[in-house]
Amino acid sequence: MTRSAGTRRSAAQLLTDTLDPRSFLPWHDRLVDVHPNASYARQLAAARERTGLDEAVVVGEGRVGGRRIAVLAGEFGFLGGSVGVAAAQRLLTAVERATRESLPLVALPCSGGTRMQEGAVAFAQMIKIAAAVSDHKRAGLPYLVYLRHPTTGGVFASWASMGHITAAEPDALVGFLGPRVVEALGSPMPDGVQSTGNLLRHGIIDAVVPPEELGSWLRRCLGILEPAGRRALGEATSAQLPAHDGYRLPSDAWESVLASRRPGRVGAWDVLTAIAPRHLSLNGSGEGEVAPGILAAVARIADIPCVFLGHGTRARQGGAAPGPNGAALRVARRAIRLAAELALPLVTVIDTAGAELSVAAEQEGIAGQIARCLAELVTLDSPTVSVLLGQGAGGAALAWLPADRVIATQHAWLGPLPPEGASAVVHHDVEHAPQLAREQGMDVASLCRHGIVDQVIGEDGDGPALCRRLEAAVGGALRALVVMDPADRYHRRRLRYRGLGVPG
């Protein structure tokens, strides 16, 4: 079920409830004249009288937790929040101003779509708004979206679906076409399909947030995404990338394989909550897919904003998460894209027994998804840190491995297949798995020797102790990498992998 119209908040009410007191400053210029006919002119006049607004969108600036932001808000009471030429031009100029002034942009759409009274020209307005939002994101500026009841049509199919992070009202109607249009042109939608709860379950939005909690959600998002403080950057200027310390390197690869599968071993969720207590989870690919075995988040590590990506779940578990499939890799690519668009460092945590082996995975093009993930990561302009936490089997591990700095735990390992799979290929049995693990150089000592791993973290002590050591290692790497010249850092990474395995 979706919300009733009687519970809908006006744009003015939501801005008052969400922004810091008395901080909103409208950016309303003179409206473009759309030359309405007599009937349309009467509708506009009535809407203005009823709402006290001159159009269906309210734009301006305000503060959230003291941080200056730009806002775009739809007013459903004004002709159903529909967007025509005048409203679109107002949105366009506001987005462009936010970009010029380097402000985070928060969109609060509430609309039935484009304005039918203006026809095709109103419909085509979504093009220029989407282009302006794309320019804003290309400038490395956050774009946060909060979908309100209702949001449908061309608005939902353009600027309302472009957020770096997207939340929505509980039980709101959000969909491509509203129920009236669906019933007129096709079969009615089953109840609940166009509800925000359903969108959350299908990985299209990241969170469902009540309107009264929107301010705190925005403060959390903006606080995580805020540029690194002077203290963190001050520490970073003197930090150096240490050579790997060779800490307690294991002497037997099979021993590490068995240790990496031990129940209760530290997982990616343990690492995330330990090294980034301030984080905001990302939900799904944004394209209708969720991946329960993947952890993605925006986070602050060592007071540096970054994107976190890990194999694992929120539940503590032994061994690695189920092998990723095509959907999981599309979630990973969303995280990589977010790091690229916001110029944030990316931290990956690898712990996987390999990609999913199934008909569905094959038909989803899993090999192509691994290839694209791998290519996007190795060519990412942002600083990158990879943590080889446990199992590192196959393409699912390789896709997240390339980085400026690779850290491994004492019993992590990396191989083209799990040792049993390698044994099946070479010896046509699984009994030779221990031998293959040793022969293939899966252990961290071999990975260090080949230049694949830079630093090894000892695993003596309990899980919290290991997480503290990882926090120090990842934080130190991030502090050193963020102050490097970006072109030099990128060049070093490409040289690193270009020369991998080549003598001399």
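It should be emphasised that the depicted structure is a prediction, and the values quoted were computed from it without experimental measurement.
- With salt bridges taken as basic N to acidic carboxylate O contacts below 4.0 Å, none links Glu376 and Arg372.
- A cation-pi arrangement, defined by a distance under 6.0 Å to the six-membered ring centre and an angle within 45 degrees of its axis, is absent between Arg148 and Phe76.
- Between Thr196 and Pro170, the shortest heavy-atom distance links the atoms OG1-C, 3.7 Å.
- At a cut-off of 3.5 Å, with distance as the only test, no side-chain donor of Arg9 or Thr18 sits close to an acceptor on the other residue.
- Ring geometry, His279 versus Trp269: the interplanar angle exceeds 60°, so the pair is classed perpendicular (tilted spans 30 to 60°).
- The main-chain N or O of Val59 is found under 3.5 Å from a side-chain atom of His28 such that the two form a donor-acceptor pair.
- Side-chain contact annotation: Thr166 with Asp206, donor-acceptor N/O pair under 3.5 Å absent.
- Between Arg67 and Glu226 there is a salt bridge, with a side-chain nitrogen of the basic residue lying less than 4.0 Å from a carboxylate oxygen of the acidic one.
- Arg8 places no side-chain N or O within donor-acceptor distance of the main-chain N or O of Gly77, the cut-off being under 3.5 Å.
- The two residues Arg115 and Ala122 come nearest to each other via the heavy atoms O-CB, 3.6 Å.
- When atom types are taken as modelled, the side chain of Gln369 and the backbone of Gly326 share no donor-acceptor pair closer than 3.5 angstrom.
- At least one side-chain heavy atom of Val349 sits less than 4.5 Å from a side-chain heavy atom of Phe308.
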